[in-house]
Amino acid sequence: MLALFGGPPVRTRPFPAWPVFGTAEEERLIATLRSGLWGRLDGRQVEEFERRFAAMHGCRHGVAVVNGTASLRIALLAAGLRAEDEVIVPPYTFLSTASAVVESNAIPVFADIDLDTFNLDPVAVRAAITPRTRAIVPVHFAGLPADMTALQAIAVEDRLTIVEDAAHAHGASYRGRPAGSLGVMASFSFQSSKNLTSGEGGIVITSDDDLAAACRSIQNCGRVEGGLWYEHHVISGNYRLGEFQGAILNCQLDRLEEQTAARDANGAYLAECLGSVPGVHPQRRTSDCTRHAYHLFMVRLDAAEFGASRNAVVRALEAEGIPCSTGYGFPLPDQPLFRNKAFGPYLPDARQRLDYASVRCPVSDLVCAQSIWLEHPLLLGTRDDMDDVVRAFGKIHRERGRLEAR
Ligand SMILES: Cc1ncc(COP(=O)(O)O)c(C=O)c1O
């Protein structure tokens, strides 16, 4: 019997906890504490992390900042966006992908996603281009690299800047190249839920010297290399990451490779097993994806094919001991922020002509209605742990008749 109705659950043991840490983190933190060098301008932890993280991506520069929202905005500002330029973003993503555009005084234009990969659909991107378009921000959603070959072709043709939103994609690769090295700049987040974390944090990486200098300046109150302390060149802020976070990130980076390999293998196994359950459609891994970061393991559940509603299945999974959620309730353009164009001081003129209520993104609507998210710590478990997930889906499908269908 389903655990939801009092039967024994498939699983009572917890899945691996997140974050993972040990004596390495403790020692670096204490050493940083005792050094008295707690700020970015004093110590060497953040600098070391920037160097290592950029090198891991084959990039020349890394600029660490306070979070992955600031890193997106800084990258867009460094790209030279001007008021009312347009930036193409997906509707199925976290708020920041689009809010960072508004905070750069530019207009987010939503292009729909692909039903199988949940990443930007290049056909929709092409259709969204206007003479004002300046940039594309592809999100490597859930850790699956976006269709960069097609997006790059569009970017070259229309002279657009690609800023990768790689907040989910630490350790992912595309045709053997690291996600985050595929555009002109890339932004990562180190917020607590992310695959590489220091509680809060973010970084911009790039191989372009000028863009890196621009990002570093915006991050550091508009100061410039070789300039005076009290010499501020551009509108900017203090977005510097602190040394305690740098210390944690250096240790977490040592763990990333092994964790990514485990997530990739377990995610691929789950996708293969669950793909045979009627109505369960795991995110499709394209042949270009040479490593999936699996920040999320995502499936689309088609209620008609499965025989029970997505929400009922999520409730049943949770009762069976499989932590999961339904993800975003609706696409980003439906947020009150966009519906009401509550942009504060930004886009004062453009907002008259913007109408986010008329944005159509049917695939994103469907994915919001059908998605089930399993978070990455679960994928750090053993093959037995994965088999519990498979068993739970199988059990729920067999007993679906007792669940509500819609
Ligand atoms: C796709 C995406 N982009 C950007 C961000 C922003 O990162 P942060 O929370 O560090 O500001 C997130 C974080 O949740 C995200 O999921």
Side-chain angles (χ1 to χ4, degrees), residues 1-5 7-19 92-94 116-118 141-144 167-168 191-195 259 262-285 292-303 305-331 364 366-400 402-406:
M1 198 202 308
L2 289 174
L4 202 55
F5 303 124
V10 166
R11 187 180 167 96
T12 48
R13 281 177 305 134
F15 283 96
W18 186 256
Y92 192 78
T93 179
F94 184 64
D116 298 320
T117 64
F118 315 138
F141 199 83
L144 177 75
H168 296 181
Q191 175 266 340
S192 49
S193 72
K194 300 302 188 294
N195 294 21
Q259 292 173 341
R263 291 182 188 109
D264 189 31
N266 280 333
Y269 176 72
L270 268 189
E272 192 188 320
C273 297
L274 294 181
S276 60
V277 180
V280 177
H281 302 284
Q283 182 180 34
R284 188 168 68 79
R285 184 184 177 134
H292 194 315
Y294 281 114
H295 173 57
L296 302 168
F297 178 85
M298 245 183 101
V299 304
R300 214 167 38 77
L301 188 118
D302 183 314
E305 292 171 23
F306 188 91
S309 77
R310 184 272 310 263
N311 290 357
V313 171
V314 165
R315 278 195 297 276
L317 280 168
E318 295 238 271
E320 298 297 340
I322 312 299
C324 60
S325 71
T326 54
Y328 307 135
F330 49 89
S364 297
L366 192 65
V367 173
C368 286
Q370 297 189 330
S371 60
I372 300 179
W373 290 6
L374 278 66
E375 293 180 18
H376 68 93
L378 181 146
L379 298 176
L380 295 177
T382 61
R383 191 48 68 89
D384 266 1
D385 292 332
M386 299 309 109
D387 285 334
D388 281 344
V389 177
V390 177
R391 271 192 285 276
F393 267 93
K395 178 181 175 189
I396 295 166
H397 183 253
R398 277 192 307 281
E399 300 186 33
R400 64 192 178 281
R402 298 206 50 200
L403 294 173
E404 59 191 91
R406 320 208 115 257

Would you please classify the geometry between the Tyr328 ring and the Tyr92 ring as parallel, tilted or perpendicular, with 30° and 60° separating the classes? perpendicular
For Ala308 and Val313, which heavy atoms make the closest approach, and how far apart are they? CB-CG2, 4.1 Å
Given the rule in the side chain to side chain contact (heavy atoms under 4.5 Å, CB included) test, do Phe94 and Gln191 qualify, once you have shown the distances and angles that lead to the verdict? CA-CA 13 Å; Phe94 184 64; Gln191 175 266 340; over 6 Å; no
Test side chain to side chain contact (heavy atoms under 4.5 Å, CB included) on Val299 and Gln283; report intermediate values, then the result. CA-CA 6 Å; Val299 304; Gln283 182 180 34; over 6 Å; no
What is the minimum heavy-atom distance between Cys368 and Gly329, and which atoms define it? CB-O, 3.9 Å
Could you tell me which residues satisfy ring-ring contact (aromatic ring centres under 6.0 Å, His included) with His292, sequence neighbours excluded, listed by chain and number? Tyr294
Which heavy atom in Thr117 sits nearest to a heavy atom in Arg284, and how many Å separate them? CG2-O, 3.7 Å
Nearest heavy-atom approach of Gln259 to Asn195 is OE1-O, 4.0 Å
Trp18 (side chain) donor-acceptor with Lys194 (main chain) under 3.5 angstrom: yes
Kindly list each side-chain donor-acceptor pair under 3.5 angstrom involving residues 270-282, sequence neighbours excluded, with atom names and distances?
{"from": "Ser276", "atom 1": "OG", "to": "Cys273", "atom 2": "O", "distance (Å)": "2.9"}
{"from": "His281", "atom 1": "NE2", "to": "Glu305", "atom 2": "OE1", "distance (Å)": "2.9"}

CA sep, side-chain torsions, deciding dist, call: Leu2, Arg315, side chain to side chain contact (heavy atoms under 4.5 Å, CB included): CA-CA 11 Å; Leu2 289 174; Arg315 278 195 297 276; over 6 Å; no
Measuring only between side-chain heavy atoms, which start at C-beta, is Leu380 closer than 4.5 Å to Arg263? yes
Would you call the rings of His397 and Phe306 parallel, tilted or perpendicular if under 30° counts as parallel and over 60° as perpendicular? perpendicular
Do Leu374 and Phe15 touch side chain to side chain, with heavy atoms closer than 4.5 Å? no
Determine the interplanar angle of the Trp373 and Phe141 rings, folded into 0 to 90°, and report it as parallel if under 30°, tilted if 30 to 60°, perpendicular if over 60°. tilted
Distance-only criterion, 3.5 Å: show the donor-acceptor pairs between side-chain atoms of residues 316-324 and protein atoms not counting sequence neighbours.
{"from": "Glu318", "atom 1": "OE2", "to": "Cys324", "atom 2": "N", "distance (Å)": "3.3"}
{"from": "Glu320", "atom 1": "OE1", "to": "Val10", "atom 2": "N", "distance (Å)": "3.0"}
{"from": "Glu320", "atom 1": "OE1", "to": "Lys395", "atom 2": "NZ", "distance (Å)": "2.9"}
{"from": "Glu320", "atom 1": "OE2", "to": "Ala3", "atom 2": "N", "distance (Å)": "2.7"}
{"from": "Glu320", "atom 1": "OE2", "to": "Lys395", "atom 2": "NZ", "distance (Å)": "3.2"}

Give me the atom names and distance for the closest heavy-atom approach of Ser371 to Arg310. O-NH1, 2.8 Å
Heavy-atom closest pair, residues Asn266 and Leu379: ND2-O, 2.8 Å
